Every structure is written in structure tokens, then in C-alpha cells.
Protein chains: 2
Amino acid sequence: MHHILIVDDHPMMAIGLQSIAKTVIENSTFTLAYTFTEGLDALAKQPADLLILDLAIPGTRGPEMIDSYRAVQQDVRILVCSGRDELMNAPICLHRGANGFLHKNSFDGEAVTAIRAVMENKKYISTKVKDAMLSNLMEGKAMQTDPAASLTPREREVLGLLLTGKWLKAIAEELNVKISTVGTQKNRIFKKMKVDNIIDLAKKFWYLEEKTADHL
Amino acid sequence: MHHILIVDDHPMMAIGLQSIAKTVIENSTFTLAYTFTEGLDALAKQPADLLILDLAIPGTRGPEMIDSYRAVQQDVRILVCSGRDELMNAPICLHRGANGFLHKNSFDGEAVTAIRAVMENKKYISTKVKDAMLSNLMEGKAMQTDPAASLTPREREVLGLLLTGKWLKAIAEELNVKISTVGTQKNRIFKKMKVDNIIDLAKKFWYLEEKTADHL
DNA sequence: GCGACTGGTAGTAATATTTCGATTTATGTT
DNA sequence: AACATAAATCGAAATATTACTACCAGTCGC
């Protein structure tokens, strides 16, 4: 008898995952949660054998979420399921303590493999990620990191506001700093992210946009 | 006995939809397709009673897809299921001949309602969209169709270049006009599209973008 | 032929942004 | 304590964009 908690802000995706998990783990019960805090509460109320976690749920900053859930139940198996760039995020999540990383574009066969592996206390990453990590290793390159990892907290804050389409003036007012300050931050963000214009920046962080697109 | 075709590039989302549809329509068979052409082929091979269609699948231009499927089977019920801006896209899709529009963030209850309505040959849109359309109507505004319909050819050309992130200067050189001219066009585009900044503009035309998010 | 309208084009002044370099503050090291 | 470093801030000049207005060439209806 196993209990599985699925945290995903897309209910239909959660149901898809549940449907797949049911075929892998017999005799299982499920809780579906649709926000970060809802998920935390659910885990606090009932320990889970498996936590399937969407990275991109609103009000969170991605991989850091893993820590929060581990803090509630230290030994929970965590399978991150994200639509964000796999090559970038899988290593980050595993490094942060996840047991597996499953891309949302994966076919159900891969989902089955991932769930099975994690339930057997093994780590799971896709072959694609394994290969990439291996070839990075052989070329002596450091592991792929979050593109925003090199940004300072303040820069990330400005990044978020820039992606809402706000003007520098509005951002400056919101943050209570001078416009020139925001200009400098924007400049540094562009340089660090190796982009030249706001459109390319937005594309790099398209996955953050999906949430906002709903209430245009 | 009903046959249902689900076209979505996220297999797990497709499974979620299937799982929900199963509870609504008894005695149903399913085909899941993961690309636009796969979907077309599947429909050509076996007529469907219901087509659940994701708008954002790669290699397509959004709502126009509806025409392609109707060309294969004129009387198929089409329920569009998209994660993008509902207020804008739902009217467009229905105007183009879809039978319903379901947002991907909807809860399963709404999905059930939507599927049931469409299967009963009724139209389905969310209350949110209904309200918005109604208030538009009362204010005498026309129903939203193609957002770019009101743009002139030249404006569309500039729009395309703007969405690649090019600066006015580069666009002006490319089109062999003065920067001020491009500035004017941009201004008119912004006004017509009722946006204030390039990010919101890009969001309005998300379906022109190749699905960059997944392979960044 | 004559307004009225549309599409494409610019000029200009007001605003916004980029791009420097420089200062301040906090933190960690020796 | 002295020093180095990273983060955040800001001023000012150089550029770029926006918000106007205006002009001209077609086109349509009459």
C-alpha cells in the first residue's frame, strides 16, 4: 500500500500522471495538490512514498522547492516532473536532492520507467541527460547550470519584472531605486544571459511566462 | 460506441485528457497523437466523434489548424485545449469552427463539463470567456478574431521583425526606410494590438513562435 | 473631378534606454 | 584592522524609442 502525492498546477497533467502511476504501483492512494503550499500541507498531513513535483508551479522559484518538501518529510522519494529544459534542470534537481527527473514531454513509457526506478530507490534521468552530462564531463566542461544561477537576487527580481513588460521607470518605482540603477541591472542581466534584446531574454525564460499568459 | 482522437504534444497531458474523457463517455476508444501531421493521419484513417486538440503543438500556426482537421472530417466535434490566453483564443477558435475551448489550467470538473457539452453538440466556453464576450458586446466592440487582421501588410511585416527582437535601426535598414518610419509603424501596431510593451505583444502572437521553450 | 479614407513615409520634441564609470555597503580573508 | 570581492546603487552623456504631427499617393464612391 503506497501513498503518492502529485503537485502540479495543471490538474489535467496531474490526472495524467496519476493515471500512469496507477499502472506502475498497485494498491496506491493519491493526493493531488495544485499549489506549492497545498502540496506542503498535504505532505504534512500524510507522509507519502512518492512525491511527483512540477517545478514550474506559481509562487516558487523552481528547484529550491525540493528543500521545502524534504524539510517536511526527509525520506520522501521525489520525482521532479517539469516542462523546463531538461539538460539544464535535471542535474540541478538531482544535485538538490531529487530522486529523478522526468520531462513533461516524455512519453508514458518513460514516465513508467521513471516512477518504477524512483520507487526502487534508484535515481532516474533520461538517456539524453545522461549522454549530455557524460560528454560535458569528457570535455572537461562544468555541469550545466541554471541560466539564472549567475544572477544575483536583485537581478533575478529585476528579471522577473522585466518579463512582465514593465518599463524601467515602473520597475524603479516598484523597487524604490533610481531608473539608472534598474538600467544597470538590466544591462548586467542581458550580458550574463548573453542576449541583446528583451525578446530573446523572454524566450530564454518562456517557461516563466506560461503562467502570466493566462490573464492577458 | 465513440471514438476519440486526442492531439497533444505532451503525452502525459493527453493521458490526463483521456482519463477524464473515459469517465464522461462510456464505451469509448482512443487514439493519441503527438504531432499535427500524426493527428491528421490518424483522423484520415479513422473518423472520430470527438477531437481534442492542443493549439500549441510544434510546426503549426495555431488556430488555423482547425481548418486542416475539418478538411479531413467535416463533422468532427473539435474541443480545443490550450494553455494560452483564453480570452483571446477561445473566440478565435470558435469563430474558426471549433465546438469548444478548454483551458489547460482547468480543473477536471470543467473538463468534464466541456467534453459533455461538446458531445451533445453544444458549444463550450468557460464562464470567464462568456462574461468577457458579453461585456465586449455590450460595449459595442466586435468579437475578437485574428488579432493581426486589422494590421496592414507593412505593419505585419514590421511586426514579424519586431518579434525577432531586432532594433528599430536594424528593421529600418532591412526595409530601407527611416527609423522614424519604423517607429511610427511600431506605434500603430502597439495601438491596434492594445499593448504597451514588446513583451505583451510577443505574448499575443505566441503561436507564431516555434516552440522554443523545450529545446533552449 | 472631388472629398474621404487608407497605407506608407518622415520630422521633431519629449521620453526612455544604454553604457560608462564611480561610490557605498556587506561579507569574507589574512 | 586592512584588504579583497561581490552586490547594489547612482549620475551623466550618448543613443534609442515614443508620441505626436504632417505629407503624399492611391483608391473608392458619387
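All values reported here derive from a predicted model rather than from experimental measurement. Quick note on labels: first sequence line is chain A, next is B, and so on, each numbered from 1.
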(request) Spell out, as yes or no, whether a donor-acceptor pair under 3.5 Å connects the side chain of N99(A) to the backbone of L79(A). (result) no
(message) Could you check whether any side-chain N or O of D49(A) sits under 3.5 Å from a backbone N or O of I4(A), counting only pairs where one atom can act as donor and the other as acceptor?
(response) no
(request) Specify the angle, to 10°, made by the local axes at the two ends of the helix from dG1(C)-dC30(D) to dT30(C)-dA1(D) when five pairs are taken at each end. (result) 30°
(request) Please check the phosphate of dC10(D) (OP1 and OP2 only) for any side-chain N or O of T181(A) closer than 4.0 Å. (result) yes
(request) Let me have a per-nucleotide readout for nucleotides 15-26 of chain D, 5' to 3', with B, S or -, counting only protein heavy atoms under 4.0 Å. (result) --SSBB------
(message) Counting C-beta onward and ignoring hydrogens, is there a side-chain heavy-atom pair between E110(A) and S126(A) closer than 4.5 Å?
(response) yes
(message) Rounded to whole Å, how long is the line connecting atom NZ of K178(A) with atom C1' of dA12(D)?
(response) 14 Å
(request) Would you sort out whether L32(A) and I15(A) count as a side-chain contact (heavy atoms from CB on, under 4.5 Å), showing the intermediate values? (result) CA-CA 8 Å; L32(A) 307 189; I15(A) 289 173; 4.1 Å; yes
(request) Kindly indicate whether the side chain of D8(B), heavy atoms from C-beta on, has any atom under 4.5 Å from the side chain of I52(B). (result) no
(request) To the nearest Å, give me how far apart CD1 (I171(A)) and C1' (dT17(C)) are. (result) 12 Å
(request) Sort out for me which residue in Q185(B), R156(B), E174(B), K186(B) forms a side-chain contact (heavy atoms from CB on, under 4.5 Å) with L161(B). (result) E174(B)
(request) Could you tell me which residues satisfy side chain to side chain donor-acceptor pair (under 3.5 Å) with K191(B), sequence neighbours excluded, listed by chain and number? (result) N187(B)
(message) If I take atom CD1 in residue I189(A) and atom C1' in nucleotide dT19(C), what distance separates them, rounded to the nearest angstrom?
(response) 15 Å
(request) Provide, to the nearest angstrom, the distance between the CG atom belonging to N176(B) and the P atom belonging to dT9(C). (result) 10 Å
(message) Minimum heavy-atom separation for W167(A) and N197(B), please, with both atom names.
(response) NE1-CB, 4.1 Å
(request) Report the distance from atom CD1 of I198(B) to atom P of dA16(C), rounded to the nearest whole Å. (result) 17 Å
(request) Find the distance E157(B):CD to dT9(C):C1' and express it as a whole number of Å. (result) 14 Å
(message) Has E86(B) got a side-chain atom pairing as donor or acceptor with V129(B)'s backbone, closer than 3.5 angstrom?
(response) no
(request) May I ask you to verify if any side-chain N or O of Q185(B) is less than 4.0 angstrom from the OP1 or OP2 atom of dT9(C)? (result) yes
